[in-house]
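Both ligands and their constituent atoms are indexed starting at 1 by order of listing. Keep in mind the model is a prediction, meaning the values are calculated, not measured.
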Amino acid sequence: MNLFQTMETYDYEQVVVCQDRTSGLKAIIAIHDTTLGPALGGTRMWNYTSEEAAFEDALRLSKGMTYKNAAAGLNLGGGKTVIIGDPRKDKNEEMFRAFGRYIQGLNGRYITAEDVGTTVADMDIIHEETDYVTGISPAFGASGNPSPVTAYGVFVGMKAAVKAAYGDENLAGKKIAVQGVGNVSYQLCKYLHDEGAELIVTDIYEAAAKRAVDDFGAQYVAPEEIYSVACDIFSPNALGAIINDDTLAHLKATVVAGAANNQLKEERHGERLMEMGIAYAPDYVINAGGVINVADELKGYNRDRAMKKVEGIYDNVAKVFDIAKRDHVSTNVAADRMAEERIERLRRSRKQFVRDGHHLLSRARAGQQK
Ligand SMILES: NC(=O)C1=CN([C@@H]2O[C@H](COP(=O)(O)OP(=O)(O)OC[C@H]3O[C@@H](n4cnc5c(N)ncnc54)[C@H](O)[C@@H]3O)[C@@H](O)[C@H]2O)C=CC1
Ligand SMILES: O=C(O)CCC(=O)C(=O)O
């Protein structure tokens with residue numbers, strides 16, 4: 001990968017490479033765009049097959065956060081971190097403390113939270129070294145694990161996508177193929193089961209899928225079979241790039257709606273979904289529940305306020321389908337337009353006032369301590 005060329009093409013602001021020999025920390029913090037505010041996005045810990053794959057993931061995920069935060073109406077830019085390592089084996093306290101000091105060094109340009117492979121306990125350790133971390137324990141007056149809230153947002157957003165495809169939002173009796181039964185998806189499966197949906201699940205950890213089989217009467221299929229399940233809704237809740245040339249050849253769904261970030265391998269795969277008559281709920285619009293929830297900590301966490309905003313994901317998904325219909329474009333292009341227009345509007349309005357330079361997080365927490 002030619003890093004500078006990639007950064008220039010997609011207008012990335014900053015990439016920070018962090019190394020700490022004692023703890024084994026190898027982290028890449030990517031900050032895509034801070035037009036709307038400090039870059040907020042979680043930290044993913046994953047056993048990447050190469051450094052290049054880790055850089056690519058950090059860059060793709062951080063750009064996704066710019067669009068996610070803009071589309072959700074948050075005053076935040078986009079960033080993300082990846083830590084190279086196996087989250088089941090390679091974590092230690094020193095690693096997250098060292099990482100926390102790197103974040104502190106950015107002085108508020110980047111705020112972190114959970115993602116795949118990291119937990120509230122990890123965020124609490126980071127919080128020992130920096131204030132620029134969200135999704136920390138409720139004991140700090142914070143919001144804790146964002147995953148259940150992400151699940152709720154996907155659930156309401158899925159209803160909006162189903163309404164766009166079927167004319168009503170009823171999920172009862174709908175056949176839903178669920179890829180990945182992790183932190184977000186287990187909760188999502190619970191909502192869907194309670195609504196009367198029929199679930200077909202898979203996970204590379206069979207035990208994770210088995211929980212949904214036992215608790216929600218789901219049917220299990222092997223990971224590679226999930227794409228060919230004839231279903232109403234395909235719900236990707238594992239990793240990215242799963243809508244691609246290979247999987248599209250098998251997909252037999254009417255709607256695609258799930259929590260996974262970066263579901264489309266390339267933008268053109270969104271167009272292909274449209275051509276196939278599949279209603280796609282753009283990932284960063286439907287999965288914004290978690291970031292909406294953790295971002296509320298910056299104002300001094302209020303769950304009711306956060307959940308009210310998460311409910312808005314229904315309208316936001318519906319709006320994307322409306323724009324797509326009006327402009328005769330795919331829903332991923334419609335979502336990008338919605339996000340880019342907001343960034344551009346606010347960029348222009350900067351000419352008219354000077355923003356408050358104080359960091360919201362520090363103010364909120366200082367307020368709580370009074
Ligand atoms: N946790 C959150 O609040 C948010 C998560 N997301 C995204 O949602 C997705 C899921 O996140 P979490 O539930 O937190 O992660 P998780 O790590 O708890 O769950 C992911 C699950 O997918 C499984 N998996 C991985 N590759 C698979 C494959 N090829 N086939 C089948 N299963 C596979 C894993 O074994 C795991 O059980 C990720 O893409 C994440 O970036 C997006 C917004 C917020
Ligand atoms: O919800 C989270 O885990 C924090 C935000 C984030 O990283 C995401 O939405 O992907």
Side-chain angles (χ1 to χ4, degrees), residues 29-30 32 39-47 57-58 60-69 71-72 74 76-82 86-88 110-120 122-123 133-136 142-154 157 177-189 200-212 220-227 234-242 244 247 257-263 282-298 306 310 313:
I29 303 171
H32 175 247
L40 194 153
T43 295
R44 175 171 293 191
M45 185 163 182
W46 193 253
N47 218 355
D57 213 24
R60 264 168 69 84
L61 289 164
S62 66
K63 182 162 174 271
M65 289 309 301
T66 298
Y67 282 78
K68 186 183 306 197
N69 293 338
L74 299 170
L76 292 163
K80 202 98 174 183
T81 299
V82 304
D86 184 338
R88 288 168 191 248
Y110 170 68
I111 304 167
T112 201
E114 293 86 348
D115 192 66
V116 174
T118 58
T119 62
V120 176
D122 301 330
M123 297 307 124
V133 52
T134 55
I136 55 176
S143 67
N145 181 5
S147 305
V149 186
T150 302
Y152 185 65
V154 173
V178 179
Q179 182 183 45
V181 188
N183 290 322
V184 175
S185 180
Y186 179 82
Q187 284 298 324
L188 175 62
C189 286
I200 301 101
V201 299
T202 194
D203 198 290
I204 46 169
Y205 291 105
E206 216 176 312
K210 198 165 175 302
R211 268 182 89 200
Y220 172 79
V221 294
E224 63 281 5
E225 286 169 21
I226 197 74
Y227 303 106
F234 171 60
S235 185
N237 297 288
L239 298 184
I242 37 68
N244 55 49
T247 60
N261 278 312
N262 294 338
Q263 293 171 25
D283 45 14
Y284 65 74
V285 181
I286 196 171
N287 74 11
V291 76
I292 292 170
N293 196 48
V294 298
D296 199 82
E297 286 179 29
L298 308 181
V310 173
I313 290 177

Cation over ring face, R88 and Y205, 6.0 Å, 45°:
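Positive - R88 is close enough to the ring of Y205 and near enough to its axis.
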Assess the side chains of [X] and [Y]: does a donor N or O sit below 3.5 Å from an acceptor N or O?
X: N244; Y: T247; answer: yes
X: T134; Y: E297; answer: no
X: N261; Y: K68; answer: yes
X: T118; Y: T43; answer: no

Ligand 1-proximal atoms of [X], by part, heavy-atom distance under 4.0 Å:
X: R44; result: side chain
X: L61; result: neither
X: K68; result: side chain
X: V184; result: both

Any N or O of [X] closer than 3.5 Å to N or O of ligand 1:
X: G117; result: no
X: T202; result: no
X: D115; result: yes
X: D203; result: yes
X: N261; result: yes

Nearest-contact summary for [atom] - protein heavy atom, Å:
atom: atom 43 (C) of ligand 1; answer: N287 O, 3.5 Å
atom: atom 8 (C) of ligand 2; answer: K68 NZ, 3.2 Å
atom: atom 1 (N) of ligand 1; answer: S147 OG, 3.1 Å
atom: atom 15 (O) of ligand 1; answer: V116 CG2, 3.6 Å
atom: atom 20 (C) of ligand 1; answer: N237 O, 3.8 Å
atom: atom 19 (O) of ligand 1; answer: G182 CA, 3.2 Å
atom: atom 2 (C) of ligand 2; answer: E114 O, 3.5 Å
atom: atom 22 (O) of ligand 1; answer: A238 CB, 3.5 Å
atom: atom 6 (C) of ligand 2; answer: K80 NZ, 3.4 Å

Below 4.0 angstrom from a heavy atom of [X], which ligand 1 atoms are there? Numbered from 1 as shown, please.
X: P146; value: 3 (O)
X: T150; value: 2 (C), 3 (O), 4 (C), 43 (C), 44 (C)
X: Y205; value: 35 (O)

Report yes or no: does [X] contribute a side-chain atom to a donor-acceptor pair with the main-chain N or O of [Y] at less than 3.5 Å?
X: S235; Y: A257; answer: yes
X: N287; Y: A259; answer: yes
X: T119; Y: D122; answer: yes
X: T150; Y: G290; answer: yes
X: N293; Y: G289; answer: no

Is the shortest distance from a heavy atom of R44 to ligand 2 less than 4.0 Å?
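Heavy atoms of R44 never come under 4.0 Å of ligand 2.
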Those atoms of ligand 2 less than 4.0 Å from some heavy atom in [X]:
X: A113; answer: 4 (C)
X: G42; answer: 6 (C), 7 (O)
X: G290; answer: 1 (O)
X: G41; answer: 7 (O)
X: M65; answer: 5 (C), 6 (C), 7 (O), 8 (C), 9 (O), 10 (O)
X: P146; answer: 1 (O), 2 (C), 3 (O)

Of I204, N183, V294, D57, which has the heavy atom at the shortest distance from atom 26 (N) of ligand 1?
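Comparing heavy atoms across I204, N183, V294, D57, the nearest one to atom 26 (N) of ligand 1 lies in I204.
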With atom 6 (N) of ligand 1 as the reference point, say which of G289, A222, A260, A259 has the nearest heavy atom.
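Among G289, A222, A260, A259, the closest heavy atom to atom 6 (N) of ligand 1 comes from A259.
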Within a strict 4.5 Å, meaning less than it, do heavy atoms of the [X] and [Y] side chains meet?
X: I111; Y: V133; result: no
X: V149; Y: I292; result: no
X: T81; Y: Y110; result: yes
X: N237; Y: V178; result: yes
X: I242; Y: Y227; result: yes
X: Y186; Y: R211; result: yes
X: L298; Y: L76; result: yes
X: E114; Y: M123; result: yes

Region of N261 that comes within reach of ligand 2 [heavy atoms, distance under 4.0 Å]:
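Looking at N261 and ligand 2, just side chain atoms fall under 4.0 Å.
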